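One structure below.
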Amino acid sequence: MRIPEFNESISVKEAREIQEKLRKEVITVDSYSKPIKNLLAMDVSYLKAGDELGAIALLYSYPELNLLEESFVRKKSTFPYIPGLLAFRELPPLLEAMKGIKSEIDILLVEGQGIAHPRRFGIASHLGVLLDTPSIGCAKSLLWGKHSGVEKGKGSYAYILDQEEIIGVALRTREGARPIYVSQGHKVSLDTAGEIVLSLVKTYRLPEPLRSAHIKSKLMMTGMV
DNA sequence: GCGACAG
DNA sequence: ATCTTGTCGC
């Protein structure tokens with residue numbers, strides 16, 4: 001898979017303009033032909049002190065979830081964390097990590113929002129559009145929109161709304177745990193995104209691939225491995 | 001001005 | 001995101 005260049009020296013204003021321009025490319029209906037046979041889980045970890053980011057990409061077979069490939073890179077941060085502009089901070093290292101993955105990728109699972117974003121262009125949508133690959137956004141907390149209460153049982157959900165528009169789902173993946181926030185990244189419908197995420201949940205709140213990515217990137221970053 | 005605010 | 005042990009609750 002060819003990885004595009006990413007302009008890392010832009011202003012906050014330009015970043016928002018890029019989102020407004022690229023949001024037009026997002027496709028929010030299922031738009032892939034071949035069955036999904038693998039999935040790339042991606043996450044970024046930090047160190048308490050310092051300005052380095054550690055990005056990891058784990059390729060799993062789907063739906064068996066056997067780890068097929070793994071790539072990790074460290075990179076200096078070039079953009080601050082600003083709500084709504086997370087992609088400009090984390091995409092550079094994530095794209096770098098993807099260069100270490102040899103196989104063709106069927107779908108991307110990204111830590112963060114898809115279209116559940118003020119400009120409908122969270123990091124998962126951004127990555128999906130740049131690579132023209134189906135992607136799903138999966139976040140641990142809400143950035144944009146409102147939702148009603150979610151029933152107690154696993155699999156229950158409530159739509160995330162911005163006015164009248166549905167921009168994602170608050171999905172209960174485990175009883176007694178707060179819901180997670182799933183939204184279309186690119187080329188997948190909300191239904192499909194929710195179904196895939198739920199199929200990846202085993203024992204914990206987070207889907208297994210993202211949970212592993214969290215743990216592994218943290219270990220790599222702290223030099224524990 | 002006030003409140004909200006992915007990682 | 002990150003700093004951190006025990007502890008309350010199902």
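Both backbone and side-chain heavy atoms feed into the values below; hydrogens, waters and symmetry mates do not. Below, chains carry the letters A, B, ... as their sequence lines are ordered, and counting in each starts from 1. The shown structure was predicted, so the numbers you read here are calculated from the model rather than taken from an experiment.
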Which residues in residues 109-135 of chain A have at least one heavy atom lying under 4.0 Å from any atom of DNA chain B?
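A/E111, A/G112, A/Q113, A/H117, A/G122, A/I123, in order of number.
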Pairing pattern in dot-bracket form [Watson-Crick, G-U; both distances under 3.5 Å; | = partner strand] for DNA chain C:
..........
OP1 or OP2 of [N] under 4.0 Å from side-chain N/O of [X]:
X: A/Y81; N: B/dA6; result: yes
X: A/K140; N: B/dG7; result: yes
X: A/S45; N: B/dG7; result: no
X: A/K218; N: C/dT2; result: yes

Treating [X] as the side-chain partner and [Y] as the backbone partner, does any N or O pair qualify as donor plus acceptor under 3.5 Å?
X: A/S135; Y: A/A124; value: yes
X: A/N38; Y: A/E104; value: yes
X: A/S183; Y: A/G168; value: no

Atom CD of residue position A/E64 - does it have more than 12 heavy atoms of other residues, nucleotides or ligands inside 6.0 Å?
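Yes - once you tally the heavy atoms of other residues, nucleotides and ligands closer than 6.0 Å, there are more than 12.
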Counting only heavy atoms not in A/E14, do more than 12 fall under 6.0 Å of its CD?
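Yes - once you tally the heavy atoms of other residues, nucleotides and ligands closer than 6.0 Å, there are more than 12.
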Compare the minimum distances between each of C/dA1, C/dT2, B/dA6 and the side chain of A/K48, then state the nucleotide with the smallest one.
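Among C/dA1, C/dT2, B/dA6, the one nearest the side chain of A/K48 is C/dT2.
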Is there a side-chain contact (heavy atoms from CB on, under 4.5 Å) between A/V44 and A/E111? Walk through the geometry before answering.
CA-CA 8 Å; A/V44 174; A/E111 176 87 52; over 6 Å; no
Without hydrogens or angle criteria, can the side chains of A/D30 and A/T192 be said to hold a donor-acceptor pair below 3.5 Å?
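Result is yes, a qualifying pair exists.
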Between A/S199 and A/Y62: side-chain donor-acceptor atoms closer than 3.5 Å
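Yes, a side-chain donor-acceptor pair sits under 3.5 Å.
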Base, sugar-phosphate, or nothing for [X], non-hydrogen atoms under 4.0 angstrom?
X: A/G84; value: base
X: A/L85; value: base
X: A/K146; value: nothing

cation_pi(A/R89, A/F79) dist<6.0 Å, angle<=45:
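Because its charged atom misses either the 6.0 Å distance or the 45° angle limit, A/R89 does not stack over A/F79.
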Do the rings of A/F88 and A/H126 sit parallel, tilted or perpendicular, given the 30° and 60° boundaries?
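Ring orientation of A/F88 relative to A/H126: perpendicular.
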Could you pull out the closest heavy-atom pair between A/R119 and A/G84, with the gap in Å?
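That would be NH2-O, 3.6 Å.
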Dot-bracket encoding per residue of DNA chain B, Watson-Crick/G-U cut-off under 3.5 Å, | denoting interstrand
.......
